[in-house]
Each structure stands twice: as C-alpha cells, then as structure tokens.
Protein chains: 2
Amino acid sequence: MTDMEPLDDPISRTVRAFEQLQSAEGRSAQCPVRDVLDRIGDKWSMLMIIALALRPHRFGELHRSIPDISKRMLTQTLRDLESDGLISRHVFATSPPSVEYRLTPLGTSLLTPLAALVDWADRHHGEISEARARLRDGGEAIEDEPQFAASRQ
Amino acid sequence: MTDMEPLDDPISRTVRAFEQLQSAEGRSAQCPVRDVLDRIGDKWSMLMIIALALRPHRFGELHRSIPDISKRMLTQTLRDLESDGLISRHVFATSPPSVEYRLTPLGTSLLTPLAALVDWADRHHGEISEARARLRDGGEAIEDEPQFAASRQ
DNA sequence: CGGTATCCTTCTGGATACTG
DNA sequence: CAGTATCCAGAAGGATACCG
C-alpha cells in the first residue's frame with residue numbers, strides 16, 4: 001500500500017482519530033476524542049442538549065422536560081456543559097429570579113452528528129430488540145459455515 | 001409552515017425521537033433511543049466497535065489493541081455487543097482455540113453516524129479546551145450582567 | 001425560583017486467581 | 001488462548017433538607 005494524500009472523508013478521519021487515541025496512551029494525557037465522548041455519553045447530557053435544541057429553557061422548564069432527573073444532577077450537568085462551551089447561562093434579575101439556558105454555536109454544531117446518531121438509534125432499535133430476543137430464545141441455532149465449530153457451548 | 005407531509009431530515013427525525021422519548025415515560029418501558037445510546041455510551045463499546053471496524057480481531061488482538069481494558073470488561077462488553085447484534089463471534093476449533101469477532105451488517109451501519117460524531121469531536125476539541133481554560137482563568141470576569149439586564153430576549 | 005449541601009446506595013469496573 | 005469467578009474500591013447518582 002502506497003500512502004496517498006490524506007483522505008478527508010468521515011471514515012478516514014475516524015480511523016485517524018482512533019489511531020491517535022491508541023497512541024495518546026491513556027493515563028496522564030486523555031485522548032481528546034474520548035474526552036468529548038465521555039462528556040456527551042453520560043446519563044443526562046444528551047437529553048439536555050436535545051431539549052435545548054428545541055428552544056431555550058429555564059431551569060424549572062428543563063426539570064419538567066426531563067422528569068426523572070434530580071436537581072442535583074440537573075445543576076451539575078448544566079455546569080459541565082457550560083464549562084465545555086456547549087451551552088450558555090443567562091441570569092435575569094427579576095423577582096423571582098429566572099435563569100435561561102441555551103445552546104451556544106458550538107453546542108448547536110453538535111446537533112448534526114448527534115442527530116445522525118439518534119436517527120440511527122431510532123431506525124435500528126427494532127433490529128436490536130430482535131437480536132436480543134433471538135439470543136434469549138434460540139441462542140446457538142444459526143451458525144452455518146463448515147470451517148467453524150458452532151459458537152457458544 | 002405547513003406540516004402536511006412529515007419531514008424526514010435528520011433534525012426532524014431527532015425532534016420526533018426526542019418527543020417519543022418524552023412520552024415513553026422512563027420507569028417501566030425504556031426509551032429505545034436512550035437504550036441504544038446507553039449501550040454505546042459506556043466505557044469500552046465505542047472503542048471496540050472502532051477497532052473491529054478496521055478489521056476482525058481475535059480476543060487477544062483486541063486486548064492488545066485496547067491495552068488498558070481488563071479481560072473481565074473485554075468479555076462483558078463483547079457479550080453485550082453480541083447480544084445486541086452489533087458484532088458476531090466465530091469459534092474455530094483449533095488447538096489452542098481461537099475466537100474471532102467481527103462487525104455484523106448492523107454494527108457496520110452504526111459506523112457512519114459514529115464517524116460523524118468522532119469527526120465532530122476531533123474538529124472541536126480545541127474549542128472545548130479553550131472554553132474550559134476561559135472558565136478556569138477568567139472565572140467571573142466574563143459574566144456580563146449578573147444583576148443587571150432584566151430584559152428578556 | 002434556582003439552586004447547595006449532605007448523606008447514602010447502587011453500579012462500574014479494576015485486581016487477582018483459576019480453568020478448559 | 002480465551003475465557004470465569006470472586007472480591008472490592010471508587011465513582012455516579014438518587015433522596016432529602018436547607019438557602020438567598
């Protein structure tokens with residue numbers, strides 16, 4: 001294989017990001033890709049980003065919009081997203097006080113790849129459920145290639 | 001805006017998926033989108049999917065490819081991904097035994113949205129680092145009107 | 001309203017030792 | 001080689017109470 005000019009399609013970029021991830025070598029220096037994925041991979045960030053993509057929300061609105069989050073985690077996740085520059089916090093000195101959160105341009109730019117992922121999940125969760133059901137029921141039936149021994153057990 | 005025909009662009013689908021997520025109502029029935037995102041959002045799944053996207057791997061190869069994973073988590077994550085139909089497991093009855101893992105078509109179909117996300121992370125981690133640094137340094141300096149502008153907009 | 005502070009449980013995942 | 005089994009520490013996160 002001769003190495004041509006660096007490819008710039010998403011798959012090639014992903015492969016390079018992964019190789020960089022390999023060389024970054026865990027402990028001291030965190031891989032930037034992994035760093036970002038950890039942030040949006042937590043329990044609430046993605047839900048809050050999607051909620052704020054629909055429209056700006058006040059603290060209480062967000063809480064009603066995501067009913068099963070505690071105020072503790074709501075605050076903490078908002079602070080984390082804010083410190084990463086994905087959302088902005090706007091305080092209005094009304095009485096009672098009101099605070100509005102909205103996506104920044106950076107946060108908005110995340111919507112496109114995020115939407116692709118959510119869209120995939122939406123399209124394929126049926127197949128995933130079937131795969132789980134297949135494993136629960138039949139388990140080992142489907143193996144067909146002569147070179148292999150049957151899998152599992 | 002006429003909402004006669006349902007829009008089918010990724011953003012519209014994402015909005016609908018989110019609304020479905022809202023109505024699905026947490027406790028008993030898990031939202032399918034959330035379900036999928038939980039799976040690939042864990043500590044190792046994404047790394048293993050990317051590794052298997054490059055080529056099929058045997059158990060030991062995968063272990064060397066992701067050095068800081070324990071055999072326990074390697075096995076567990078492989079089983080989870082297999083039960084979701086994202087990867088397949090092929091046992092060769094050689095001596096010593098060898099087992100190969102590869103992406104299924106379903107798993108391969110995840111690569112496109114995943115690549116979009118990794119690509120975003122790769123492109124924007126600089127901005128994120130700057131945002132964090134800004135917060136550490138300036139702290140409260142940048143905050144504009146903590147008690148001032150009560151006007152909403 | 002928009003948060004903090006504190007306590008306490010659950011769940012993740014690392015270390016280690018053993019097996020077919 | 002490709003796993004299992006067991007134990008345990010630490011992080012994530014829920015419940016509750018309180019505050020400006």
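Hydrogens, waters and symmetry mates play no part in the numbers below; they use all other heavy atoms, side chains included.
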Which one, D/dC7, C/dG20, D/dG14, comes nearest to the side chain of B/Arg72?
D/dC7
On the nucleotide D/dA2, are OP1 or OP2 found under 4.0 Å from the side-chain N or O atoms that B/Arg64 carries?
no
Given atom NE2 of B/His63 and atom P of D/dA2, what is their separation to the nearest angstrom?
12 Å
Listed nucleotide nearest any side-chain atom of B/Ser70, set C/dG14, C/dG3, D/dG3
C/dG14
Measure CG/A/Asp42 against P/D/dA12 and give the value in whole Å, please.
9 Å
Closest of D/dG3, D/dG13, D/dC18 to the A/Lys71 side chain is D/dC18
Nearest-Å distance for atom pair CD/P, residues B/Glu61 and D/dG3:
13 Å
Rounded distance (Å) that lies between atom C1' of D/dG3 and atom CZ of B/Phe59
6 Å
Atom CE of A/Met46 and atom CG of B/Asp38: how far apart are they, to the nearest 0.5 Å?
8.5 Å
Nearest-angstrom distance from the residue atom CZ of A/Arg58 to P of C/dG2
4 Å
Take the protein atom CG of B/Leu74 and the nucleotide atom P of C/dA15, then report the distance between them rounded to whole Å.
14 Å
The nucleotide from D/dG3, D/dG14, C/dG3 with an atom nearest the side chain of A/Thr75 is C/dG3
Under 4.0 Å between a Lys/Arg side-chain N and an Asp/Glu carboxylate O for A/Asp35 and B/Arg132?
yes
For atom CD of B/Gln76 and atom P of C/dG14, their distance in whole Å
10 Å
Using the side chain to side chain contact (heavy atoms under 4.5 Å, CB included) rule, pick out the option among A/Leu103, A/Ile87, A/Ile40 that qualifies with A/Leu81.
A/Ile87
Does A/His63 use its side chain to pair, donor to acceptor, with the backbone of A/Leu74 at less than 3.5 Å?
no
note: A/Phe92, atom CZ; C/dG3, atom C1'; distance rounded to Å ~ 17 Å
Roughly how far, to the nearest 0.5 Å, is CZ of B/Arg39 from OG of B/Ser83?
5.5 Å
When only distance counts, do a donor and an acceptor, one from the side chain of B/Lys43 and one from the base of C/dG13, lie under 3.5 Å apart?
no
Here's a test of your reading of the structure: between A/Pro97 and A/Met73, which maps to the more 5' nucleotide of DNA chain D?
A/Met73
